[in-house]
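Accompanying notes for the structure given below.
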2 protein chains.
Amino acid sequence: MTAPLHEARPTGPGRALPDTQQGMRRRNLARVMHAVSAEGPLSRAAVASRIGLTRAAVSTLVDELIRTGLLEELGPERPGRVGRPGSALAVSGRGPAGIGAEIGVDHLAACAVDLRGEVRARAVRHGTNRGRSPEPVVEELTGLVRRVVAEAERAGLWPAGLAVAVPGLVARDARTVVRAPNLDWQDVDLGAMLPGEFPLTVDNEANFGGLAELWLGVDTPGDFLHVSAEIGIGAALVVDGSLLRGTRGFAGELGHVPVHPDGPECGCGGRGCLEQYAGEEAVLRAAGLEPGEDRVGLLAGRAADGDPDVRRALREAGTALGIALTGALNLLDPEGVVLGGALAGLAPWLLPSLEAELSRRTAGPARPVSVSRLGPEGPLLGAAHSVVRAVLDDPAAVAGRA
Amino acid sequence: MTAPLHEARPTGPGRALPDTQQGMRRRNLARVMHAVSAEGPLSRAAVASRIGLTRAAVSTLVDELIRTGLLEELGPERPGRVGRPGSALAVSGRGPAGIGAEIGVDHLAACAVDLRGEVRARAVRHGTNRGRSPEPVVEELTGLVRRVVAEAERAGLWPAGLAVAVPGLVARDARTVVRAPNLDWQDVDLGAMLPGEFPLTVDNEANFGGLAELWLGVDTPGDFLHVSAEIGIGAALVVDGSLLRGTRGFAGELGHVPVHPDGPECGCGGRGCLEQYAGEEAVLRAAGLEPGEDRVGLLAGRAADGDPDVRRALREAGTALGIALTGALNLLDPEGVVLGGALAGLAPWLLPSLEAELSRRTAGPARPVSVSRLGPEGPLLGAAHSVVRAVLDDPAAVAGRA
DNA sequence: CTAATTTGTAAACTGCCATGACGAAATAGC
DNA sequence: GCTATTTCGTCATGGCAGTTTACAAATTAG
């Protein structure tokens, strides 16, 4: 009788979707899939107690999921406790697959992930894409995707959707790249250029990286900031287990948060944005290095060798990051911060000054800053997994296909 | 077949609530209430088409809502179109009421709002609460609440809950005031001191102000930043129609976003926080005024009189606000910004420099900065309405009482 | 005054989950 | 070894929610 009141769902007339029995069934199918997917092989009775339905109801749900090939019966569990042993259920390894793809500045990649989360096929092509026009790049990517799809199909999987991570801002239609500075692309409609056989989602690589951290991270909370630096400096804002995208889909532009309001001019029109202090180019310049091919590797190598200029440059970048993150933490109060992408590799030299700045500026218990263990794989895996999650979230939608 | 994939609900095993037929009914009752509440008197057929159920289903839902006193039948609509005229339904003006209360720095207030959103009773007591200990203040507030409740009951209403707005940080339990600098309170458990007859929610006045803007604002989008300055400078982050609270409930602390990282020291441990430039005390100091009783009124008065020092101080505060908001806009990409609380009254002198700073620093179309029309009433109304929303969101929960 | 249209309700129908009972398959105790 | 106990999966039954279909009531159009 004394609980917070104003958070009950649904709120607002906007989400006035009807609630019918079919919808109920769909949501319960999803709950079964989530339970089995999250907690390994499970008996029907175990699923029932996890999701709060009766064994009888779960039985019919499971039957349907087995019929449509999304669950598999592994056979009787090894007993150990009294009572008849259950029959273990697992997510199918031969059903739908999520196809992920990535357009990186220096590479292209694609992979196929099954419902179990296992990577079943992958293909990579190295070589810079800076300044290349979209058509040939997307054509090459399509080739990789087709290879990965073919391999997945040989393994008994079928593609349920394609998700593409790109180094730039993506419109809310999830098809159009509005601006990708490092590729020099503008308003490119990937939806028109990629194969149309399956549902397509295009998103910022920082967003997919953040989602990968949420879904695959070891002990990632449901509420965190995932900071990555491939394109400028982007952050994925994960709030309560889902991504905050903003009205136009541009949320998380940490790179243009003002750090020193009277600092050097920035391409965005502002002054002293974080990117002027912790962006790739800025750090290279401060370290006295020339921009070459593998810029991050170069920085990490020099820093490991003890190059004082590089170390100082990274230290200062960490401080600037700390200032910008102070603002973000004050605004969002997340549970933690995760450094991903290029920042993960440079973390050893960024973290000390970053954490010093944070603890100096924020009162109360320090928020943990951790380093992503997914490394550069994050965006690609996040993309593929986003398709898998979509299947888990609405198994009925996928049942018809195959 | 080409839609964004990874946003379908439910996501994550966390919200594994069972989905039974009773839950379905409850959600559909809520949909009916929302439809009628949002779109004025409506016939059963109109509700049915709005929420996507059949007329028959809506009929039984409406019957139940009328029986429990949440809806009222107004009688036949005046015809005008062909066909049998419908029977108008309206939200009841004699059912549950939301009781809102506010502990302000310079006043106490309480009010009762019916399901229609009408204020049916109010009580105010002026006089500063700075430095007073919690007990007598809460006792006085309880007196106001009891007066308002009694008046509401005389009008045929019954209190469905009490929501209290306080000028400080509130723990996620929605009962405890962690810190209220302007009252000099710390760790005060209001839940233990307020009447326990109805469900209680305590929240930051900035949050309630933001919710009021969302629910009562004229053309407020579902995605905005509501900035107010009563306690330091707080922002309510409304994302997709609901409030972003943060892990500990401290989200929106705009006042401690760094503006000039090497600026003057701040109480929070940092340097150059926004509060050092746009906080009440800072502005008064910059304007060469002494802190007195009605500080905001004083500033507004002098500014209107053309006092150059005051004008300059406000101009500079606007600039600082613009810098901090640039960061927030880059992070959150909201649809707009609303100035509320004290800032609304000072808007004429803050806005020019604020908007100049924003348009200089952010690329793309400028985000509209608007001024709240609720003024100082926002938090109190938001509190009362939060109770009303809770009833609309789950009418079945309230049906038993009364 | 009749035809067309729309509203609200009642009866029959379908779908979904709960309940309760039962056989199957294991352990525990004697 | 044998029986009692426990747990699992399934089946038949029942209740509940919304849909479908049909119909009377109340209005406008011609």
Side-chain angles (χ1 to χ4, degrees), chain A residues 16-32 35-36 39 41-67 71-90 395-396 399, chain B residues 16-32 35-36 41-67 71-90 394-396 399:
Chain A
L17 300 168
D19 213 338
T20 71
Q21 292 178 114
Q22 289 134 59
M24 184 168 99
R25 179 98 182 153
R26 282 170 74 154
R27 286 189 297 275
N28 281 333
L29 287 169
R31 288 203 175 83
V32 172
V36 175
E39 308 197 47
L42 238 47
S43 69
R44 289 168 175 75
V47 171
S49 78
R50 295 277 192 297
I51 67 177
L53 296 179
T54 61
R55 299 201 308 272
V58 169
S59 257
T60 75
L61 292 165
V62 166
D63 283 351
E64 185 172 336
L65 291 169
I66 289 179
R67 257 204 323 283
L71 285 185
E72 266 173 18
E73 189 124 34
L74 297 182
E77 285 173 328
R78 204 167 339 285
R81 298 174 309 283
V82 346
R84 168 179 166 180
S87 180
L89 299 167
Chain B
L17 299 168
D19 213 337
T20 70
Q21 292 177 111
Q22 288 134 60
M24 184 167 105
R25 180 103 183 145
R26 281 170 74 156
R27 285 188 296 275
N28 281 333
L29 286 169
R31 288 200 175 84
V32 172
V36 175
L42 239 46
S43 69
R44 290 167 176 76
V47 172
S49 78
R50 295 277 191 296
I51 68 178
L53 295 178
T54 60
R55 298 201 309 271
V58 169
S59 257
T60 75
L61 291 165
V62 165
D63 283 351
E64 186 173 335
L65 291 168
I66 289 179
R67 258 205 322 283
L71 285 185
E72 265 174 21
E73 188 123 33
L74 297 184
E77 285 174 328
R78 203 168 341 285
R81 295 175 310 284
V82 34
R84 168 179 166 179
S87 179
L89 299 167
D394 190 5

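Here is how names work: the chains are called A, B, and so on, in the same order as the sequence lines, proteins then strands, and each is numbered from 1.
As rounded to whole Å, 15 Å separates atom P of D/dA17 from atom CZ of B/R31. As a whole-Å value, the separation of A/R44 CZ from D/dT7 P is 19 Å. Residue B/R27 contributes atom CZ, which lies 12 Å from atom P of D/dA17 at whole-angstrom precision. When rounded to the nearest whole Å, the span between CG of A/D19 and P of C/dG15 equals 18 Å. The distance between atom CZ of A/R78 and atom C1' of C/dT27, rounded to the nearest whole Å, is 17 Å. Atom-to-atom, CZ of B/R26 to P of C/dC17 comes out at 18 Å; the value is rounded to the nearest Å. In this entry the distance linking CZ of A/R50 with P of D/dC8 reads 11 Å, nearest Å. Rounded to whole angstrom, the span from the CE atom of A/M24 across to the P atom of C/dT14 amounts to 18 Å.
Side-chain N/O atoms of A/S59 include one lying less than 4.0 angstrom from OP1 or OP2 on D/dT10. Taking 4.0 angstrom as the limit, A/N28 places none of its side-chain polar atoms (N or O) nearer than this to OP1 or OP2 of C/dC16.
Ranking C/dT19, D/dT28, C/dG8 by closeness to the B/V82 side chain, first place goes to D/dT28. Comparing C/dC16, D/dT19, D/dG9 by their closest approach to the side chain of A/Q21 singles out C/dC16. Side-chain proximity of A/L61 to C/dC17, C/dA25, C/dT9: nearest is C/dC17. For B/P85, taking side-chain heavy atoms from C-beta onward, the closest of the listed nucleotides D/dG18, C/dG8, D/dT27 is D/dT27. Residue A/R84 has its side chain nearest to D/dT7 when only D/dT19, D/dT7, C/dA18 are considered.
When each of A/S43 and B/P76 is assigned the nucleotide of DNA chain D with its nearest heavy atom, A/S43 is the one assigned upstream, toward the 5' end. Both A/G83 and B/R55 lie close to DNA chain D; mapped to their nearest nucleotides by heavy-atom distance, the more 5′-ward contact belongs to A/G83. Nearest-nucleotide assignment on DNA chain C puts the 5′-proximal partner with B/D63, out of B/D63 and A/R25.
At the heavy-atom level, A/T54 lies under 4.0 Å from base atoms of the strands shown. Nucleic acid contact class of A/A56 (heavy atoms, under 4.0 Å, all strands): base. Within the nucleic acid shown, B/T60 has no heavy atom closer than 4.0 Å to any nucleic acid atom.
Inter-residue side-chain proximity for B/V32 and B/L71 is flagged as met; some heavy-atom pair is nearer than 4.5 Å. You'll find the side chain of A/I66 stays beyond 4.5 Å of the side chain of A/E72, heavy atoms only.
There is no side-chain donor-acceptor pair under 3.5 Å between A/N28 and A/R25.
A salt bridge links A/D19 to A/R27: one of the charged nitrogens lies within less than 4.0 Å of a carboxylate oxygen.
Rounding to the nearest 0.5 angstrom, the gap separating the CG atom in A/L61 from the CD1 atom in A/I51 is 6.5 Å.
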